[in-house]
Each structure stands twice: as structure tokens, then as C-alpha cells.
Number of protein chains: 2
Amino acid sequence: MSISSRFAVGIHILSLINVDQGVTISSDYLAGSVNTNPVVIRRMMGMLKKAGLIEVRPGIAGIKLAKEPELITLFDVYKAVDVVQEKELFSIHENPHPDCTVGKHIQSTVEPLFIAAQLAMEKVLSNVTLLDVVEDIESKVALT
Amino acid sequence: MSISSRFAVGIHILSLINVDQGVTISSDYLAGSVNTNPVVIRRMMGMLKKAGLIEVRPGIAGIKLAKEPELITLFDVYKAVDVVQEKELFSIHENPHPDCTVGKHIQSTVEPLFIAAQLAMEKVLSNVTLLDVVEDIESKVALT
DNA sequence: TTACCTGTAACTATAATAATTACATTCGAT
DNA sequence: ATCGAATGTAATTATTATAGTTACAGGTAA
């Protein structure tokens with residue numbers, strides 16, 4: 001299992017908006033860069049818009065960031081594109097046998113451990129901003 | 001998306017082996033406690049055996065831990081049941097457009113960030129042992 | 001030999017992802 | 001006011017992973 005590539009695509013979209021400033025960015029343009037169908041991009045634009053990360057308007061080409069890139073973390077993107085639900089990175093089998101010592105308690109024992117692991121992962125994401133990503137990309141461009 | 005419940009079931013199986021000592025544990029018995037099909041359990045027993053966590057022999061009922069419970073971490077179980085591949089908790093869209101600044105560099109920029117997040121999650125799992133889980137379950141039993 | 005166990009192949013149902021087609025809606029330019 | 005181009009979104013399909021199930025081969029002890 002892997003977390004949906006929507007997350008990476010979301011980061012791609014936001015980075016491109018920031019890097020390609022001055023260019024009018026449409027869903028078709030983004031689809032070309034990401035190499036997918038424009039509808040996939042538009043669906044994601046809807047999610048990023050709903051999360052308050054971008055500004056888009058029907059009928060008008062041109063997407064803009066709704067915040068400065070240093071104020072957008074990868075965790076914001078991760079939540080926006082809905083790849084992992086809160087407390088549900090790990091799943092626990094339902095209906096273990098309640099007459100069994102282990103079956104009765106396994107869920108409540110394991111759940112906080114799973115949540116702690118998920119939070120540790122999410123904390124790393126929240127410590128990286130879109131600006132960090134964009135700067136890394138631009139540093140690679142400068143080398144060539 | 002969620003990580004397969006195989007992980008939670010694996011923890012359940014190992015905990016039960018440790019808690020229900022003295023009882024002869026078969027795949028049917030485990031299936032009853034987990035509330036699933038015995039074949040699902042046997043498949044998992046194969047994985048846990050292959051990872052060196054349990055000892056099972058064909059034809060003989062009775063599963064044993066291959067190590068002391070304080071030497072088995074949740075990370076060991078996680079690797080054994082093969083729920084997430086190394087470096088692949090997150091997936092990245094393939095074939096972004098190479099003529100585009102962002103498309104050309106997004107993968108190499110994002111990958112180390114994703115790996116760092118995954119490692120942080122896995123580190124939490126490696127700091128919890130089967131003994132911790134078993135003691136937590138037994139402390140709950142003692143309260144009733 | 002019998003009964004019971006593990007080991008495993010094969011098939012099915014379900015759910016999530018991603019891609020795609022089709023079309024309604026919105027807006028600016030002419 | 002209309003046309004063209006964009007976004008917004010419903011519906012369909014292909015692919016993949018999970019989980020459950022049936023069936024049966026092979027091992028072991030009584």
C-alpha cells in the first residue's frame with residue numbers, strides 16, 4: 001500500500017504556481033507538466049481551493065497561491081488532498097472476539113500506538129514549507 | 001487509504017501467543033479470536049515465521065514465539081507482514097514532464113522528504129516492544 | 001489408519017486510485 | 001449578445017490491493 005500520489009501531485013501544482021510566476025497557469029498546462037488528465041488536475045484544484053491554499057475562478061485561466069509559500073506546509077497539502085484520514089493511517093481489524101483477553105483489549109491498546117506513529121510522520125511534513133520545496137527545485141535549476 | 005489491518009492482526013497473534021501461555025494455539029483458535037478465516041491467519045503465520053518471529057511446524061498445533069517479547073518490536077511485526085515497502089509509504093507520480101522546471105526536479109526534491117516522514121513513523125514503531133503491548137493488555141485485565 | 005493440523009493455490013467480492021468522456025457553468029473579449 | 005476558453009463535476013472504466021473463502025496437498029501424533 002502507498003499513500004496516493006495526489007499528495008505529490010498537489011505539491012507539484014503548488015510549486016509550479018510559485019516557480020512559473022508571470023505565466024498564466026491553466027489545468028491543461030498543469031496536466032502537461034504533471035503528465036496526467038486535466039480532469040485529475042481540476043479535481044485537485046478543487047481540493048486545494050477548498051483548503052484555502054489557492055485561488056481559482058471558473059472560466060478564468062490563472063491560478064494563484066492564496067498564501068505566501070513560507071506559510072504553506074506539506075502537512076497543509078497532505079490534509080487538503082485528503083490522502084490519509086485523521087487517526088486512520090493504520091487500520092485495526094474490527095470485531096475481535098470479546099470473550100478473549102487479547103480480543104477484548106487489543107484495539108484500545110494498539111490504537112494510541114498507531115496514532116503516535118502517524119503523528120510523528122505528520123510532524124515531519126508540518127516542518128517543511130512550500131518555500132523549502134521551491135528553493136530546493138530552484139537550486140537544482142541553478143546548477144545546470 | 002489505510003495501512004492493511006494485517007499489521008494489527010500480526011500484533012494480535014503475537015500478543016495472544018504470549019498472553020495465553022499453556023494453551024495450545026492453532027490457526028483455528030487464532031481465527032476465532034481475531035474473527036477472521038483460518039486461512040488468513042495461516043498466511044500471516046507464514047510471514048511471521050519467515051521473519052523469525054514465531055516457530056510453527058506443519059501438522060503440529062502449537063505456535064511459539066521465536067524470541068522473548070521484549071526483543072520483538074512493532075517495527076519487526078510491521079516489516080514481517082509486509083504492509084509498507086521500504087521508502088514507499090508515499091508514492092510519487094511517474095513521468096512528470098522533463099522539459100518543465102518543476103517536472104524535471106519534483107521527484108528528487110520530494111522523495112527525501114517523504115522518506116524522512118516515513119522513517120519518523122517507523123522509529124515510533126521500533127520503540128515499542130511486544131512486551132509493552134502484552135503488559136498493557138494485562139493491566140487492563142487486572143482492572144476488571 | 002485416523003484425525004487434526006499447517007501450507008498453499010485459486011477464486012471471489014469489495015474498495016480505492018487514476019484516467020477518461022461528457023457536459024454544465026462561468027467569464028472575458030469581440 | 002455571442003463565442004471561445006476555462007473551470008466544475010458526474011459517470012464510467014481499468015487496475016490494483018485487501019480480505020475472505022473453498023479446496024486440497026502434506027505432515028504428525030495417537
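Each chain gets a letter, A, B and so on, in the order the sequences are listed, and its residues count up from 1. Keep in mind that this is a model prediction, so the values were computed, not measured. The figures that follow rest on heavy atoms only: side chains count, while hydrogens, waters and symmetry mates do not.
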> What is the distance from CG of A:Asp82 to P of C:dT17, rounded to the nearest Å?
Replying inline: 8 Å
> Does D:dA19 have OP1 or OP2 sitting under 4.0 Å from an N or O in the side chain of B:Thr36?
Replying inline: no
>> Tell me the interatomic distance from B:Asn37, atom CG, to C:dC11, atom P, rounded to whole angstroms.
In response: 17 Å
> Which parts of residues 40-49 of chain B get close to DNA chain D, meaning a heavy atom less than 4.0 angstrom away?
Replying inline: B:Val40, B:Arg43
> Which residue pairs pass the salt bridge (charged side-chain N to carboxylate O under 4.0 Å, His left out) test when at least one of the two sits in residues 99-119 of chain A, sequence neighbours left out?
Replying inline: none
>> How many whole angstroms separate atom CG of B:Asn95 from atom P of C:dA19?
In response: 10 Å
>> Taking 4.0 Å as the cut-off, does a side-chain nitrogen or oxygen of A:Ser4 come that near to OP1 or OP2 on C:dA16?
In response: no
>> For the residue pair B:Asp76 / B:Thr73, report whether a side-chain donor-acceptor contact shorter than 3.5 Å exists.
In response: yes
>> Tell me every residue that passes salt bridge (Lys or Arg N to Asp or Glu O under 4.0 Å) with B:Lys140, counting only those two or more places apart in sequence or in another chain.
In response: B:Asp136
> At their closest point, which heavy atom of A:Phe7 faces which heavy atom of A:Val81, and how far apart are they?
Replying inline: CA-CG2, 3.9 Å
> For DNA chain D, what residues of residues 12-33 of chain A have any heavy atom nearer than 4.0 Å?
Replying inline: A:Ser26, A:Ser27
> A:Thr36 and B:His93: side chain to side chain donor-acceptor pair (under 3.5 Å), yes or no, with the steps?
Replying inline: CA-CA 9 Å; A:Thr36 184; B:His93 52 298; over 6 Å; no
> Considering only heavy atoms, which members of residues 53-62 of chain B lie under 4.0 Å from some atom of DNA chain D?
Replying inline: B:Pro58, B:Gly59, B:Ile60
>> Taking B:Val56's backbone N and O only, do any of them form a donor-acceptor pair with B:Lys49's side chain (distance below 3.5 Å, no angle check)?
In response: yes
> What integer distance in Å separates A:Gln85:CD from C:dA16:C1'?
Replying inline: 12 Å
>> Of the listed nucleotides (D:dT18, C:dA19, C:dT17), which one gets closest to any side-chain atom of A:Arg6?
In response: C:dT17
> Between B:Ser15 and A:Ile106, is any pair of side-chain heavy atoms under 4.5 Å apart?
Replying inline: yes
>> Counting only heavy atoms from other residues, nucleotides and ligands, does the tally under 6.0 Å from CD of A:Gln21 exceed 12?
In response: yes
> Is there side-chain contact between B:Lys64 and B:Ile54, with heavy atoms separated by less than 4.5 Å?
Replying inline: no
Result block: side-chain N/O donor-acceptor pairs under 3.5 angstrom for residues 121-132 of chain A, not counting sequence neighbours:
unit_1, atom_1, unit_2, atom_2, d
A:Glu122, OE2, A:Tyr78, OH, 2.6
A:Glu122, OE2, A:Gln118, NE2, 2.8
A:Ser126, OG, A:Lys123, O, 2.8
A:Asn127, ND2, A:Lys123, O, 3.3
A:Thr129, OG1, A:Leu131, N, 3.3
A:Thr129, OG1, A:Asp132, N, 3.1
A:Thr129, OG1, A:Asp132, OD2, 3.3
A:Asp132, OD2, A:Thr129, N, 2.9

> Is there a donor-acceptor pair under 3.5 Å between the side chain of B:Thr24 and the backbone N or O of B:Gly62?
Replying inline: no
> Nearest-Å distance, NE2 (B:His93) to P (C:dA19)?
Replying inline: 10 Å
>> If you compare every side-chain N and O of B:Ser5 against the phosphate oxygens of D:dA19 (OP1, OP2), does one of them come in below 4.0 Å?
In response: yes
> Closest nucleotide of DNA chain C for A:Ser2 versus for B:Val39: which of these residues is on the 5' side?
Replying inline: B:Val39
> Atom CD of B:Glu94 to atom P of C:dA19: distance rounded to whole Å?
Replying inline: 10 Å
